[in-house]
K.L.:
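Take a look at this one; I'll ask things after.
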Amino acid sequence: MSITYNFRITIAKRKNVNLLSMKIIDSFLEAGWRLYSEKNEIIYTDIGDNDDFDFKAKSMSRKEYFDIVNQKEKHHEIIAVALFYLEEYNRYRIDVIITPEFDILISPDDATKKMLSSHLNLLDMNWYLCKIMSALTNENILVEGFSYTQF
């Protein structure tokens with residue numbers, strides 16, 4: 001049996017701040033997360049994939065990917081992308097889902113999740129909290145709520 005770990009972050013809607021999914025993704029990139037896999041591909045859901053989560057892996061420029069994000073946002077589609085974090089000799093992957101309401105759902109990838117204790121199945125919550133919340137701490141984003149579930 002596999003355990004699923006999910007983080008849910010609610011972003012405050014503010015009148016004078018034009019929040020875009022691209023800004024959220026950029027915030028992760030500025031905090032050290034990477035858009036490209038070890039095969040130099042972006043893993044994402046394409047235009048028209050609103051909730052099927054049929055991830056594609058494709059080599060493309062960052063601009064090409066952000067054009068897709070902008071199109072999905074215009075059509076009020078869910079945006080899903082894999083982000084990677086390199087630490088020492090390890091590469092960790094999270095799947096990030098951004099809803100049209102700017103709720104952010106994050107799931108560590110089973111194959112690369114960072115564990116505090118693997119034999120006890122304990123996720124390294126401190127590591128994830130630091131890496132996620134530091135990415136979402138800037139003048140464009142105001143975190144309104146945060147929850148974590150494990151099942």
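Being a predicted model, the structure only gives us computed values, none of them experimental.
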K.L.:
Under 3.5 Å, side chain of Lys113 to main-chain N/O of Ala111, donor-acceptor pair present?
P.N.:
no
K.L.:
Okay, side chain of Glu41, backbone of Tyr36: is any donor-acceptor separation there less than 3.5 Å?
P.N.:
no
K.L.:
Any chain of hydrophobic side-chain contacts (each under 4.5 Å) joining Ile25 to Leu142?
P.N.:
no
K.L.:
Is the backbone N or O of Asp49 less than 3.5 Å from a side-chain atom of Lys72, with the two atoms forming a donor-acceptor pair by type?
P.N.:
yes
K.L.:
Is there a side-chain contact (heavy atoms from CB on, under 4.5 Å) between Asp54 and Lys56 once you walk through the steps?
P.N.:
CA-CA 7 Å; Asp54 182 21; Lys56 310 274 186 224; 3.1 Å; yes
K.L.:
Begin from the C-alpha positions of Ile97 and Ile104 and carry the test side-chain contact (heavy atoms from CB on, under 4.5 Å) through to its verdict.
P.N.:
CA-CA 6 Å; Ile97 296 169; Ile104 303 168; over 6 Å; no
K.L.:
Using the six-membered ring of Phe84, assess whether NZ or CZ of Arg91 lies under 6.0 Å from its centre and within 45 degrees of the ring axis.
P.N.:
yes
K.L.:
To check you understand the geometry: which heavy-atom pair defines the closest contact between Ala135 and Ser27, and what is its length?
P.N.:
O-CB, 3.0 Å
K.L.:
To the nearest 0.5 Å, what is the distance between CG (Leu116) and CG (Asp124)?
P.N.:
5.0 Å
K.L.:
Looking only at side-chain N and O atoms, does Glu64 offer a donor or acceptor that is under 3.5 Å from a partner on Ser61?
P.N.:
yes
K.L.:
Considering all heavy atoms of both residues, which atom of Ser21 and which atom of Val69 are nearest to each other, and what is their separation?
P.N.:
CB-CG1, 3.9 Å
K.L.:
Regarding Glu144 and Thr10, is there a side-chain donor-to-acceptor distance under 3.5 Å anywhere?
P.N.:
no
K.L.:
Could you walk me through whether Asn90 and Tyr85 pass the side-chain contact (heavy atoms from CB on, under 4.5 Å) test, one step at a time?
P.N.:
CA-CA 8 Å; Asn90 299 307; Tyr85 198 90; over 6 Å; no
K.L.:
Taking atom NZ of Lys13 as the centre, does the number of heavy atoms from other residues, nucleotides or ligands within less than 6.0 Å exceed 12?
P.N.:
yes
K.L.:
Grouping I, L, V, M, F, W and Y whenever their side-chain heavy atoms are under 4.5 Å apart, do Phe53 and Ile42 come out in a common cluster?
P.N.:
no
K.L.:
Between the side chains of Asp95 and Ser107, is a donor N or O closer than 3.5 angstrom to an acceptor N or O?
P.N.:
no
K.L.:
Strictly below 4.0 Å, N to O, side chains only: are Asp26 and Arg62 in salt-bridge contact?
P.N.:
yes
K.L.:
Measure from the side-chain N and O atoms of Asp103 to the backbone N and O of Thr99, and report whether any donor-acceptor pair falls under 3.5 Å.
P.N.:
no
K.L.:
Applying the 4.5 Å side-chain criterion to the ILVMFWY set and letting contacts propagate, would Leu136 and Phe7 be lumped into a single cluster?
P.N.:
yes
K.L.:
Using every non-hydrogen atom in the two residues, find where Tyr65 and Ala80 come nearest and quote the distance to one decimal.
P.N.:
OH-O, 4.2 Å
K.L.:
If you round to the nearest 0.5 Å, how far is CG of Asp46 from CD1 of Ile68?
P.N.:
5.0 Å
K.L.:
Regarding Tyr148 and Gln150, do their side chains bring together a donor and an acceptor under 3.5 Å, going by distance alone?
P.N.:
yes
